[in-house]
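Remarks on the structure that follows.
Because only heavy atoms are used, hydrogens play no part in the values below, and waters and symmetry mates are left out as well, while side chains stay in.
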2 protein chains.
Amino acid sequence: MGILVFFMNYQKISPLDVTFFSSVVGNDLVLSDEEALLKFGHDETEDLVFSPEIVVKPKSTLEVASIVKYCNEHYIPITVQGARTGLSGGALPLFGGVALSMERFNHILEIDTKNGQVTVEPGVITQVLQEAVAEQGLFYPPDPASKGSCFIGGNLAENSGGPKAVKYGVTNEYVLNLEVVLASGDICWTGANVLKNATGYNLTQLIVGSEGTLAIITKAVLKLIPHPSRTMLMLVPFPSAEKACEAVSAIFREGITPSGMEFMERDALVWTANFIKDQSISIPDDVQAHLLIEVDGNDEAILMNDCEKIMAVVEKYGALEVLFADDQAKKDQLWNLRRKVGEAVKSQSVYKEEDTVVPRYRLPELLAGVKAIGRKYGFQSVCYGHAGDGNLHINIIKGALSDEMWNNELPFAIREIFELTVGLGGTISGEHGIGYVQKSYMNIPFSAVELSLMKGIKQLFDPNGILNPGKIFV
Amino acid sequence: MGILVFFMNYQKISPLDVTFFSSVVGNDLVLSDEEALLKFGHDETEDLVFSPEIVVKPKSTLEVASIVKYCNEHYIPITVQGARTGLSGGALPLFGGVALSMERFNHILEIDTKNGQVTVEPGVITQVLQEAVAEQGLFYPPDPASKGSCFIGGNLAENSGGPKAVKYGVTNEYVLNLEVVLASGDICWTGANVLKNATGYNLTQLIVGSEGTLAIITKAVLKLIPHPSRTMLMLVPFPSAEKACEAVSAIFREGITPSGMEFMERDALVWTANFIKDQSISIPDDVQAHLLIEVDGNDEAILMNDCEKIMAVVEKYGALEVLFADDQAKKDQLWNLRRKVGEAVKSQSVYKEEDTVVPRYRLPELLAGVKAIGRKYGFQSVCYGHAGDGNLHINIIKGALSDEMWNNELPFAIREIFELTVGLGGTISGEHGIGYVQKSYMNIPFSAVELSLMKGIKQLFDPNGILNPGKIFV
């Protein structure tokens, strides 16, 4: 108890260090040119840049072990990086040091169809993995919006979700076993390749979601399930955003578990349609929000039946004319609209994104509260997200707000949003992680006792504080 | 690293201590008579008895906090106990001290139908919880064989499984949030009441399965799902146990996920039929093993279709005449047979039960290996378990074996079984936990580095080593 993680006197990288890293991975895989330092100094979080001193690109566990051991002995900070698509600044090298890019860990090592498992390196793109296992009739469900570019390793580090989570769960529910490199340079496996495990403490689940602060993941064994053969998708407009949110939990109470249940405020869809130059979906003036609802399975009649039940529910909550996606092209179009919301908002204005999550029935209260806080502080917000999970992404738009307001007042507004979220039984990140941008709010969901347990775990795994320093905790 | 958990100089309980405990819970809820000390000195693990010095029965979190804080300050060991139905000795007070019985924590605090959650105290019987939520159309799937008597708290402590785990997952997949009392007496919540959570380290999953060694659970928020309305159940006899095991993974490869997939060797069913005096199921001489296979859902036609596909698979593996349970009474009868196997074996002979788990396709190799080890060491075994999860319970029968063999040779045989299990990608406990009886084998699945991480976590949570000492680690 009461252990604090102090930031050590980190050492700057010297020419000797560069020589060592080069000896491990090869000269051409150690970068320190300005362009590289800029590139590996940002992820998709706002406009933040924290450049590393050097970028190192290992390709094997042993190489990672050598590099980490060296950094640990020399007090050099090391920030593991995937595709840098994260939204909480988890991959930003706040203290310089080494950016450890896992991009060369890009192999699917084994698709074990007999046991329904895949062994994969962390640098594999999520969608590449999904497509490879789908060819074998198997399904790896977690699918963040960035699935076409993000890495499995980043998904593991941040415990990513995505639209399918509402039916199939988030990343951590698919992780059976991890090979990790500890700060000491020791290599170990966290569990076993089995579906149930009551053997000692659950190190696997401790590493998942730890944002590269406890260990570096070098291999993952993931659970796969049979791939459903059919989906049906509908876009449901509502004249009231709160009514749309109310419809969400009502659908589940009908005994239906959709495979997608996405909420978008009016502006989210309008801005995205403009951003991707797709005006084929009409959005009448009286529409204030949409639900994008998917069901999946293997039997068309059952899915039709589910859709009819859903229709009956949404009508009770005032749904306007429902759009059914009747072929794959239309489905792809609707999902693309949803997936591009984040980029569309980003293109519109400087913004901050919060990743609130509450029990799903509390979603209307959360949305109404966020709007009230917006009125109080004078900011506009665009909200969307995985309504079926109670996971609401709140995009706060800078627009015409002054820098003074943006930098000095807004943190108080965000604190109010998070206090509301926690008060509703929720927490401050559903799937993006805490990383850098949320860390000063960790005292809202957690007491000093809880934070001190977490910091104690950090201290245990990484006594020198070299692994992704400055993240999660202030 | 390298932190060791030393057993402190535990203090014997003095009259002053008794006065303190009585002041917290009341005189009549502090027991030290011989009968009580014997009763709370055993669980369902073999014939082991380790009596506490005193039994204390708190009824509130604050009472638990007072007791734990006092024990921590006075170096008094404290072993939290549920219904003492465990099979690894997790609830045995090895060092005496306080047996903290949670039997008065027997309230279901809230069934939240709107969000599909239940808040429950740890002393609620699993089946009581299941039935209470089923009345609301909701389903809490984890169902150990002892569900009629075991407590939710014990299920959480040991990360229990059961027959439904093959489709629905084990206990830890249903835990959203836990209220716990730490060794210091501090009370905290581990997470939030949400379906997805990327906010700091996963303390919830660290506590689940930690067998009362890290903290004492005083409330749990569990996820519920819609209750399926129909099941179909069949008992499939095979002339070869290994063929039965081979059929298991073949069924999954057809894209079917049964809601139950249980394996029983011939003797398991024969002994149980004798034990419960139910000879209505004929077991011809050529039957060497059975699979008990259940499918569930809401649509009769789909379930029939699944059953037909299963029939086609099992026939390929030599299945004999299949018995369909065509009404609820027959289903109850078959499940009762399966659930009573453990007790039936226990009634037959002194025995030891191992809880091996492997990737399901490796099950035939595990079974064949166990039989070979049995021939080498000269012991008989009866194997059964959750084949769909690759979870095989190996009951080693003492029968006519000498005490010398049983006490001194058998540990080597068990070690061989576990080495085989781990060699097949598995681990040494699927759902019973390590507790007392498996702890000396923890160096088979885990390296010194991995064990030292776990011991470091123990040291962090419980620096005085008062919480359930002598468990998990040697």
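By the 4.5 Å heavy-atom criterion applied to side chains, Ile472(B) and Lys439(B) are not counted as neighbours. The side-chain heavy atoms of His393(A) and His432(A), taken from C-beta on, include a pair separated by under 4.5 Å.
The environment of OH in Tyr174(B) is crowded: more than 12 heavy-atom neighbours from other residues, nucleotides or ligands sit within 6.0 Å.
When heavy atoms are compared at a cutoff of 4.5 Å, Gln438(B) does not approach chain A at all. Residue contact with chain A, scored on non-hydrogen atoms closer than 4.5 Å, involves the backbone and the side chain of Ile428(B) alike. Contacts between Glu254(B) and chain A at a heavy-atom distance below 4.5 Å are absent for every atom of the residue. Neither the backbone nor the side chain of Asn298(B) comes within contact range of chain A, judged by heavy atoms closer than 4.5 Å. Proximity to chain A (any heavy atom under 4.5 Å) is shown, for Val357(B), by both the backbone and the side chain. For Asn172(A), the part lying near chain B is the side chain, with the backbone staying farther off; criterion is any non-hydrogen pair under 4.5 Å. The contact between Met454(B) and chain A is made by backbone and side chain atoms together, counting heavy-atom distances below 4.5 Å. If you measure heavy-atom distances from Leu203(B) to chain A, the contacts under 4.5 Å come from the side chain alone. The part of Asp299(B) that comes within reach of chain A is its side chain, from C-beta onward, which places non-hydrogen atoms under 4.5 angstrom from that chain. If you measure heavy-atom distances from Ile457(B) to chain A, the contacts under 4.5 Å come from both the backbone and the side chain. Thr204(A) does not touch chain B: none of its heavy atoms, backbone or side chain, sits under 4.5 Å away. For chain A, the nearby parts of Arg360(B) are the backbone and the side chain; heavy atoms of each come within less than 4.5 Å. Ser160(B) does not touch chain A: none of its heavy atoms, backbone or side chain, sits under 4.5 Å away. The part of Pro445(B) that comes within reach of chain A is its side chain, from C-beta onward, which places non-hydrogen atoms under 4.5 angstrom from that chain. The contact between Thr113(B) and chain A is made entirely by backbone atoms, counting heavy-atom distances below 4.5 Å. Residue contact with chain A, scored on non-hydrogen atoms closer than 4.5 Å, involves the side chain of His386(B) exclusively.
A donor-acceptor pair under 3.5 Å links the side-chain atoms of Asn391(B) to the main chain of Thr356(B), judged by distance alone. Looking at Lys223(A), its side chain never comes within 3.5 Å of a backbone N or O of Val175(A) through a donor-acceptor pair. Of the possible donor and acceptor atoms, one in the side chain of Asn177(A) sits under 3.5 Å from a partner among the backbone N and O of Gly191(A). Under a 3.5 Å cut-off, the side chain of Asp462(B) and the backbone N or O of Leu214(B) do not form any donor-acceptor pair. At distances below 3.5 Å, at least one donor-acceptor pair connects side-chain atoms of Asp143(B) with backbone N or O atoms of Lys164(B).
A salt bridge links Lys196(B) with Glu431(A): the closest approach of a Lys/Arg side-chain nitrogen to an acidic carboxylate oxygen falls below 4.0 angstrom.
With chain B as partner, the option from Ser429(A), Ser447(A), Pro226(A) having the largest number of non-hydrogen pairs under 4.5 angstrom is Ser429(A). Per-residue heavy-atom pair counts under 4.5 Å with chain A were compared for Val208(B), Asn197(B), Asn202(B), Thr190(B), and the maximum is reached by Asn197(B). Between chain A and the residues Leu195(B), Asn159(B), Asn115(B), the most heavy-atom pairs under 4.5 angstrom are made by Asn115(B). Contact tally against chain B (heavy-atom pairs below 4.5 Å) for Ser229(A), Gly209(A), Cys188(A): the top residue is Cys188(A). Between chain B and the options Ser88(A), Gly200(A), Ala250(A), the largest number of non-hydrogen pairs under 4.5 Å is found for Gly200(A). Of the listed residues Gly430(A), Ser210(A), Ala192(A), the one with more heavy-atom pairs under 4.5 angstrom with chain B than any other is Gly430(A).
In summary, the side chains of Lys471(B) and Asn468(B) do present a donor paired with an acceptor at a separation below 3.5 Å, with no hydrogens or angles considered.
Residue Met261(A) forms a side chain to side chain contact (heavy atoms under 4.5 Å, CB included) with just one option from Asp389(A), Ile256(A), Val248(A), Val295(A), and that option is Val248(A).
The aromatic ring centroids of Phe139(B) and Tyr168(B) lie less than 6.0 Å from each other. In this structure, the ring of Tyr201(A) has its center no less than 6.0 angstrom from the ring center of Phe446(B).
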